[in-house]
Amino acid sequence: MTLSELAGKPAPQRLLTNIPRLVAHYYETRPDVSDPLQRVAFGTSGHRGTSLNGSFNEAHILAVAQAVAEHRAAAGISGPLFMGLDSHALSEPAWMSALEVLTANGVRVCVQPGVMTPTPLISHAILEHNRAGRGGTADGIVITPSHNPPQDGGFKYNPPSGGPADTDVTGAVQARANAILERELRDVKRLSLEDAMGKLEEFDFISPYVRQLPEVIDLDAIKGSGVHVGIDPLGGASLPVWEAIVAEYGLNFEIVNKTVDPRFAFMSVDRDGKIRMDCSSPYAMAGLLRLKGDFDVAVGNDPDADRHGIVTADGLMNPNHYLAVMIHYLFSNRPGWRDTAGVGKTLVSSALIDRVAHGLGRNLVEVPVGFKYFVDGLLTGDLGFGGEESAGASFLRLNGGAWSTDKDGLIPGLLAAEMTAKTGKTPSQHFADLTEKYGATAYDRQDAPATPEQKKILSNLSPEDVKAQTLAGDPITARLTRAPGNDAPIGGLKVTTAEAWFAARPSGTEDVYKIYAESFKGEGHLKQVMEEAREVVSEALGGK
């Protein structure tokens, strides 16, 4: 990907979203259901799009909310539905639309009025309610497109397990929602906003989450050490949570940016020239990076707080690097966890994690891309940790119980403070120790062009389609089209050697496939791996 001349610079006026126009399109534009791009489509984190091209409009939300209400009724989910939202401009309109439909269907909707509520707090609330067995089974919705640009909107559903819904649920909701769109919303039950607001149940998501943090993080150690931590919520829903944490525990934390602006005008421009609240991008995090010398460690979150970014004096940590650091620290410092608790990683996360898990004597569970694959393991305690290369992770309480089964960007930030306080070393210094023991890696991700037909072929390859015997000079040790951790199809291909690997997956939204690659032999070898990966994929596609 070509680096934009704006990367890392303050967003210019011409990039800022016209919010009134965006919201007007949300209400006025009717999606064309004959266009696949304007239908409801649940990816790894729900339905996403923008009102400006007909991919995220009121009709979508009315249809999806009706489909979710029908799913709840069919599944016997009779408890409250916890609903949160982030600071994107389309989130509140979508929140109101969903509310009108859910209440019309008799759903008990619990919200915290006037306060943004991030993803991990919804997951935590679902688990707490269901653990206590209070008044039926609970589930939840978060209105968010995560770290995506200001003009985007998103809707994700979390069933009673607390984490992202699996494909059996999202597939059924998606199919029903599109059928409702095709019937021009005639099946939608809907109250007026005034009547819907009158049926809301107010719920405090923040206080229970904050009060229980000592069950997952050693906050006494953080406070006692006086470790100085900077926090940048990137204008998102973690802001009121961080404020409550600082107030409750008297920590030496400083929130460096309290601005909430749906245009995200305060952001630095990302690598590709877009405004994107990606806390794992050094370009988007340029503002916090300028302050790195002011803190022992600093933390960023995306708008719905399901991602984390960790900054030390050495700069912004690569997400893969911090995943390895968290795993090594947690499994060495959580005696309350079961000896059999495993390490969960996605197949495009660093192979350094494999070596760390092996060194710890822990079972490695490698799954396809998608946090939903960690939900059951975190819920039962069979997994102590689940993490994705895109800076999403969650882990167990100190006693080995589930904390959240969706990505939680807050506790990895607090863990960075804990390990700094208790060991005297920052996360980046811990990473240096790991590389000395297990080897340094070079990692990259690139896009390659692919036709819709080629993407379909790539999604359905078999290991036998890979004819190559070596990769960048080393014998191939595995050709994978199903994940070794749960035997689920990966929707692509992964090829490994003793010192390197690559994975190729088709994009769900563009005519490209994504290539991930890593090498323990340095940047030159990584370049060779990436070049040969394209050749291997091209041959597997039969040159089509």
Side-chain angles (χ1 to χ4, degrees), residues 40 42-49 56 60-61 64-65 67-69 71-72 77 80-99 101-102 107-130 138-148 152-166 169-170 173-174 177 200 203-206 208-209 233-241 262 277 301-308 370-372 375 388 390 392 394 403-411:
V40 173
F42 275 80
T44 56
S45 293
H47 173 68
R48 293 180 183 173
F56 189 92
H60 293 105
I61 303 307
V64 173
V68 167
H71 163 75
R72 297 181 91 248
I77 303 171
L81 183 145
F82 297 113
M83 190 155 69
L85 76 164
D86 73 1
S87 53
H88 278 78
L90 291 178
S91 292
E92 190 159 0
W95 181 89
M96 291 187 290
S97 300
L99 179 64
V101 174
L102 294 167
V107 177
R108 293 172 51 205
V109 182
C110 292
V111 302
Q112 189 160 2
V115 179
M116 298 177 290
T117 305
T119 290
L121 274 67
I122 296 297
S123 180
H124 182 268
I126 294 169
L127 296 186
E128 285 296 289
H129 177 95
N130 293 338
D139 55 0
I141 289 170
V142 190
I143 309 295
T144 174
S146 191
H147 64 294
N148 284 0
D152 285 8
F155 181 113
K156 61 181 181 179
Y157 173 65
N158 287 29
S161 61
D166 206 346
V169 174
T170 57
V173 169
Q174 173 181 303
L200 284 180
F203 186 87
D204 182 358
F205 290 99
I206 295 177
Y209 180 93
L234 296 183
S238 67
L239 173 60
V241 189
M277 290 62 68
N301 292 121
D302 67 334
D304 74 315
D306 73 345
R307 298 186 183 213
H308 60 271
F371 205 81
K372 62 188 177 185
V375 172
E388 298 183 315
S390 55
S394 189
W403 171 256
S404 70
T405 49
D406 206 334
K407 294 174 286 191
D408 188 331
L410 295 151
I411 56 173

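Not measured: the values here are computed from a predicted model.
The two residues Pro159 and Gly163 make their nearest non-hydrogen contact at CD-O, 3.1 Å. Across Lys372 and Pro164, no two heavy atoms sit closer than the pair CB-O, 3.7 Å. Annotation for Asn130 and Pro160: closest pair ND2-O, 3.1 Å, computed over non-hydrogen atoms. The shortest non-hydrogen separation linking Ser97 to Ile61 is CB-CG2, 3.9 Å. In terms of heavy atoms, Ser394 sits closest to Phe371 at N-CZ, 3.8 Å.
Asp86 CG to Trp95 CH2: the interatomic distance, rounded to the nearest 0.5 Å, is 13.5 Å. To the nearest 0.5 Å, the span separating CD1 on Ile411 from NE2 on His308 amounts to 10.0 Å. Taking CH2 from Trp403 and OG from Ser123, the interatomic distance works out to 10.5 Å, rounded to the nearest 0.5 Å. Distance check: Met116 CE to Ile206 CD1 gives 9.0 Å after rounding to the nearest 0.5 Å. To the nearest 0.5 Å, atoms CZ (Phe203) and CD (Gln112) are separated by 8.5 Å. Taking CG from Asp304 and OG from Ser91, the interatomic distance works out to 9.0 Å, rounded to the nearest 0.5 Å.
Considering only heavy atoms from C-beta on, Phe82 stays 4.5 Å or farther from Asn158 through its side chain. Residues Val111 and Thr117 form no side-chain contact, since every pair of their non-hydrogen atoms from C-beta on lies 4.5 Å or further apart. Side-chain contact between Pro262 and His88 is absent, with no heavy-atom pair separated by less than 4.5 Å. At least one side-chain heavy atom of Pro120 sits less than 4.5 Å from a side-chain heavy atom of Leu410. Contact check for Leu85 versus Val142: no side-chain heavy atoms found under the 4.5 Å cut-off. In this structure the side chain of Leu239 never reaches within 4.5 angstrom of the side chain of Val241, judged on heavy atoms.
For Ala69, the side chain to side chain contact (heavy atoms under 4.5 Å, CB included) partners at least two apart in sequence or on another chain are Leu102, Asn105, Val107. Partners of Asp306 by salt bridge (charged side-chain N to carboxylate O under 4.0 Å, His left out), not counting sequence neighbours, listed by chain and number: Lys156, Lys407. His147 meets the ring-ring contact (aromatic ring centres under 6.0 Å, His included) test with no other residue; sequence neighbours excluded.
More than 12 heavy atoms of other residues, nucleotides or ligands sit less than 6.0 Å from atom CD of Glu128.
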* Should Thr119 and Asp406 be marked as a side-chain hydrogen bond (donor to acceptor under 3.5 Å, both in side chains) after you check the CA-CA gap, both sets of side-chain angles, and the distance that decides it? -> CA-CA 7 Å; Thr119 290; Asp406 206 334; 5.1 Å; no
* **CA sep, side-chain torsions, deciding dist, call: Tyr157, Phe155, ring-ring contact (aromatic ring centres under 6.0 Å, His included)** => CA-CA 7 Å; Tyr157 173 65; Phe155 181 113; 7.9 Å; no
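In summary, the side chains of Tyr209 and Asp408 do present a donor paired with an acceptor at a separation below 3.5 Å, with no hydrogens or angles considered. At a cut-off of 3.5 Å, with distance as the only test, no side-chain donor of Ser161 or Thr405 sits close to an acceptor on the other residue.
For the side-chain contact (heavy atoms from CB on, under 4.5 Å) criterion with Met83, the lone passing option out of Ile122, Ile141, Leu200 is Ile141. With Pro303 as the fixed residue, the side-chain contact (heavy atoms from CB on, under 4.5 Å) test singles out one of Pro145, Ser146, Ser87, Pro118: Ser87.
Between His47 and Phe42, the angle of the ring planes lies from 30° to 60°, which puts this pair in the tilted group.
No donor-acceptor distance shorter than 3.5 angstrom exists from the side chain of Asp302 to the backbone of Met277, with no hydrogens or angles considered. The main-chain N or O of Gly409 is found under 3.5 Å from a side-chain atom of Asn301 such that the two form a donor-acceptor pair.
The existence of a salt bridge linking Arg48 and Asp152 is excluded, since no basic side-chain nitrogen approaches an acidic carboxylate oxygen closer than 4.0 Å.
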